[in-house]
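Below, all heavy atoms of this structure are taken into account, side chains as well, without hydrogens, waters or symmetry copies. In the text below, chain A, chain B and the rest are named by the order of the sequence lines, each starting its count at 1.
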There are 2 protein chains.
Amino acid sequence: MAKRSGVLEFAVLGLLHESPMHGYELRKRLNVLLGSLRVFSYGTLYPCLKDLVARGLLVEDHTADGHGHHGAKAAPALGGNAAAARRSKIVYRLTPEGEEHFGQLLSDAGPSAWEDENFGVHFAFFGRTDAAIRLRILEGRRSRLEERLDLFRQSVTRTKERLDRYTLEAQRHGLESVEREVRWLNELIETEHDQRQVGPPAT
Amino acid sequence: MAKRSGVLEFAVLGLLHESPMHGYELRKRLNVLLGSLRVFSYGTLYPCLKDLVARGLLVEDHTADGHGHHGAKAAPALGGNAAAARRSKIVYRLTPEGEEHFGQLLSDAGPSAWEDENFGVHFAFFGRTDAAIRLRILEGRRSRLEERLDLFRQSVTRTKERLDRYTLEAQRHGLESVEREVRWLNELIETEHDQRQVGPPAT
DNA sequence: GTTAGCATGTAAGGAGTTACATGATTTT
DNA sequence: AAAATCATGTAACTCCTTACATGCTAAC
């Protein structure tokens, strides 16, 4: 019914774009993809999937699979092809509209793409993102962090004295974390520029 | 009516424990204290204050101040004593019950104190926290992060190949961020131990 | 005298969690 | 056959945001 989280929706579409899956597995891949930044529970995921189906971006495959008893051991171990292993319940798959929508999300280089909540997902799908978009997002993210550094340093010089050891320590650590992420972004941006000169401009 | 966020409530009580304040200023100090980790809006803060009043942990001072027209310029600049400057509207102050409750929150060294959401606030008030509690929280936080490192490294070795450049890069950066926080905690813990030997055991 | 910032709030709703409820399949 | 884990879902609730509404005071 309601509009679901951009982050979760984006991530779900992206993972299903790689290969169809059912909800339980999707959740695990989701939590690996977003690397402990966010952990979604089933209570969030399943309603989201239903919503995406209702909006025509996904379809459910209730893979009848034949029957169900005993057989079909089919390589359940960790290394195997996850999509093919033990097709038991409801497998979700992108519709053409879903692919189209995912493509639009990928090409969004607006400010929301470099906010804290969204940057991680966008970055996770950079492998399928246009080079120009990648660059804009990385640069947008960097300016965002630099703004934050400015605010930070202002408030430090304003309130320098009369802060206890721990507050100072927290501020210092926070500041260094942001500076570190800026350096990381600088490296990534440089690499993007290098590749632009080496690699072909299209496809 | 409803039970409000532990984080916000804790932070509000802690700031008001330093000095009484009205909501508008409280919000600014809050966002400095929590250093861009979280930004609370008025829509969150004011209902929270009302709730704390209803529960008897705060009282409102509607400082009548005399009347209100023209006079009373009273050092509004940044450097001045904030509590005394331009007493205009509703100033909140801890009750004895509020102080008691804040004290209990300070002495909580359970697992929730070192979760991502809460660790920041607890740390921010370490200056008023018992040394033994500080140590337990820092060590708890460290084990929490080390657990996360283990999971992380497992999933890396499991899925090493068939990940694109960007996913790998994100994992690497995430891993290093956590490792860096662990080193930071190690330093803090060492400092705590040193001080324990130097400083007096009580008060 | 009007813009900018201080100050306090409310209503509606978005985003996600926890706890619960259920059943199928695999492993021991 | 019991225990673990896979798999799907719902209901109630928490926490917080956005957008709105209001009025006062300071600065230009």
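- Residue B:Glu117 contributes atom CD, which lies 14 Å from atom C1' of C:dT18 at whole-angstrom precision.
- Judged by distance alone, the side chains of A:Asp194 and A:Thr191 never bring a donor and an acceptor atom under 3.5 Å apart.
- Using modelled atom types, one finds no donor on one side chain facing an acceptor on the other under 3.5 Å when comparing B:His173 with B:Gln171.
- In this structure, CZ of B:Phe40 is placed 13 Å from C1' of D:dT14, rounded to the nearest angstrom.
- Using a 4.0 Å cut-off, no side-chain N or O of A:Thr44 falls inside it from OP1 or OP2 of C:dA15.
- Under the 3.5 Å distance criterion, the side-chain polar atoms of A:Ser19 are left unmatched by any main-chain donor or acceptor of A:Leu15.
- For B:Glu115 and C:dT18, the CD to P distance is 10 Å, given to the nearest whole Å.
- Distance CG (B:Asn31) to C1' (D:dC16): 13 Å, rounded to an integer number of Å.
- One interatomic measurement links the two molecules: CG of B:Asp51 to C1' of D:dC15, which rounds to 12 Å at whole-angstrom precision.
- One atom, CG of A:Leu45, and another, C1' of C:dT17, lie 14 Å apart when rounded to the nearest Å.
- For residues 118-133 of chain B, the set of pairs meeting the side-chain hydrogen bond (donor to acceptor under 3.5 Å, both in side chains) definition, not counting sequence neighbours, comprises B:His17-B:Arg128, B:Glu18-B:Arg128.
- For B:Ser41, no side-chain nitrogen or oxygen approaches OP1 or OP2 of D:dC16 to under 4.0 Å.
- Taking the side chain to side chain donor-acceptor pair (under 3.5 Å) definition, one finds that A:Trp184 meets it with B:Glu169, sequence neighbours left out.
- With hydrogens and angles disregarded, no donor-acceptor distance shorter than 3.5 Å links the side chain of A:Asp61 to the backbone of A:Tyr92.
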Between protein and nucleotides 8-11 of chain C, what N or O pairs are separated by less than 3.5 Å?
from, atom 1, to, atom 2, distance (Å)
C:dT8, OP1, B:Ile90, N, 3.4
C:dT8, OP1, B:Ile90, O, 3.4
C:dT8, OP2, B:Gly23, N, 3.2
C:dT8, OP2, B:Tyr24, N, 2.7
C:dT8, OP2, B:Tyr46, OH, 2.7
C:dT8, O5', B:Tyr46, OH, 3.3
C:dG9, OP2, B:Tyr92, OH, 3.3

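- At a threshold of 4.0 angstrom between heavy atoms, the contacts of B:Arg38 are confined to the sugar-phosphate backbone, with no base atom among them.
- When the C1' atoms of four end pairs are superposed on the next four at each end of the helix from C:dG1-D:dC28 to C:dT28-D:dA1, using five pairs per end, the two resulting axes differ in direction by 30°, to 10°.
- Between the side chains of A:Arg27 and A:Ser41, not a single donor N or O lies within less than 3.5 Å of an accepting N or O.
- Residues meeting the ring-ring contact (aromatic ring centres under 6.0 Å, His included) test with B:Phe126, sequence neighbours left out: A:Tyr166, B:Phe123.
- For the pair B:Arg27 CZ and D:dT17 C1', the computed distance is 11 Å after rounding to whole Å.
- Following rounding to the nearest Å, B:Glu9 (CD) and D:dC16 (C1') show an atom-to-atom distance of 14 Å.
- Listed by chain and number, the residues in a side chain to side chain donor-acceptor pair (under 3.5 Å) with A:Glu181 are A:Arg141 (sequence neighbours excluded).
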